Colleague: 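Sharing a structure here in structure tokens format.
Computed from a predicted model, the values in this text were never measured in an experiment. We count ligands from 1, going down the list as the structure has it; atoms in each ligand are counted the same way.
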Amino acid sequence: MSISLFVLIGFIYYVLAAPTANEPLQIVTARADTSRSFSVDKHVDKVLSFWTDDKLKAARPVMPNRKLNAQSITKLQPITNGPLGFVDGTIGSLQKAAVEAGIVSGIDQNDPSSIKVFSGTGRHTYTVGKIFWNITANSYGICSGTIVTAGNKDTIVTAGHCCYDHDAKKWRINQNFIFIPGYNNGAQPYGKWAARAMTAYSSWTVNQNYNYDVCFVNLYTNSKGQHIQALQGSEGLGYNYPRNALTYSFGYPYNLQQGQVMQYCSGKAAASKYGNGFNGQTIPCDMTGGCSGGPWFQSFDTTVGVGIITSLNSFIINSIANYMNGPYFDSSIWSLYQQCAIK
Ligand SMILES: *[C@@H]1O[C@H](CO)[C@@H](O)[C@H](O)[C@H]1NC(C)=O
């Protein structure tokens with residue numbers, strides 16, 4: 001290939017990659033390929049049995065420090081985008097049983113490092129989990145995700161970059177992609193769940209526009225035919241929520257306890273300094289790779305672990321350590337959610 005053609009392709013790519021205000025939104029979905037198994041059950045078995053304890057422990061963030069360079073440090077004007085709306089969270093049968101047994105706890109505010117993930121019944125300990133897939137036959141990636149209320153009762157939300165590999169231009173759905181709610185240091189208290197489909201906007205998969213770094217994943221039911229939401233419950237999802245709000249973020253960052261334990265950070269959101277047309281917000285947070293896709297909650301009740309997801313962990317700006325950026329959930333993210341909640 002001649003050098004000039006190379007440059008031209010590079011130029012075309014740049015033009016396509018540059019986010020524009022009026023980018024047409026197109027929903028794109030990838031489904032699990034079950035054709036090489038005799039049945040869907042066999043396919044799910046194969047995916048779940050791929051994951052030995054050793055493999056789960058060996059998994060690493062694909063980009064340990066997902067840091068982007070700020071293009072221009074500008075304070076973006078908050079934009080309003082229609083009326084606020086939300087879907088509420090739901091309680092699952094497991095949390096209900098625990099509450100009835102009198103076991104209730106959330107986050108100990110006096111000891112932020114001791115998130116009482118497994119001693120209590122805060123909703124987030126059932127709904128937030130760790131995501132795994134294999135990068136090659138013997139290397140494995142991680143992200144974080146959350147069960148959201150959905151008609152199909154098997155939907156999780158995570159980051160677009162957790163579902164779609166831009167280097168390989170490929171969805172990760174057929175790379176043994178699984179979700180483990182409440183993962184804790186190798187323990188899988190509520191089992192492993194295999195992915196059935198994943199959906200995002202082409203603005204993410206094609207254009208890598210960080211305003212759309214969002215993916216909804218539909219899971220298969222477990223071997224008893226139970227839906228994840230029926231057992232674990234779900235968190236609510238909101239759109240057009242107020243900016244600059246107190247926000248709680250959760251995830252499994254590799255920089256803290258090697259991603260083996262659910263962590264959180266909290267603080268007031270502010271306009272992101274990424275520039276480059278990014279409309280999202282930033283929160284003070286020391287989590288790095290592995291927490292990608294983990295939820296940002298507003299109206300988070302720390303005693304019961306219930307809140308409304310209004311963004312997620314997406315990226316860190318190179319020159320601004322200890323701040324996490326997340327896309328602003330507006331009406332377009334709500335449209336994407338609505339499509340996925342019925343798939
Ligand atoms: C993931 O692991 C499976 C099973 O070992 C293997 O067949 C597949 O090629 C791996 N995926 C990639 C992308 O290497």
Colleague: Can you list, by chain and residue number, every protein residue with a non-hydrogen atom closer than 4.0 Å to ligand 1?
Modeller: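 Answer by chain and number: Phe50, Asn134, Ile135, Thr136, Ala137, Gln175, Asn176.
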Colleague: What class does the angle between the rings of Trp334 and Tyr239 fall in, given that below 30° is parallel, 30 to 60° is tilted and above 60° is perpendicular?
Modeller: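 Ring orientation of Trp334 relative to Tyr239: parallel.
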Colleague: With sequence neighbours excluded, give me every salt bridge (charged side-chain N to carboxylate O under 4.0 Å, His left out) pair touching residues 275-298.
Modeller: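 Residue pairs passing salt bridge (charged side-chain N to carboxylate O under 4.0 Å, His left out), neighbours aside: none found.
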Colleague: Nearest 0.5 Å, what's the CG-CD1 distance between Leu56 and Ile180?
Modeller: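 Leu56 atom CG to Ile180 atom CD1 measures 4.5 Å (nearest 0.5 Å).
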Colleague: How are the rings of Tyr212 and Tyr201 set to each other: parallel, tilted or perpendicular (split at 30° and 60°)?
Modeller: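 Plane angle over 60°, so perpendicular.
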Colleague: On the six-membered ring of Tyr254, is Arg60 placed so that its NZ or CZ lies under 6.0 angstrom from the centre and within 45° of the ring axis?
Modeller: no
Colleague: To the nearest 0.5 angstrom, please state how far the OH atom of Tyr140 sits from the CG atom of Asp54.
Modeller: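 Reported to 0.5 Å precision, the distance equals 8.5 Å.
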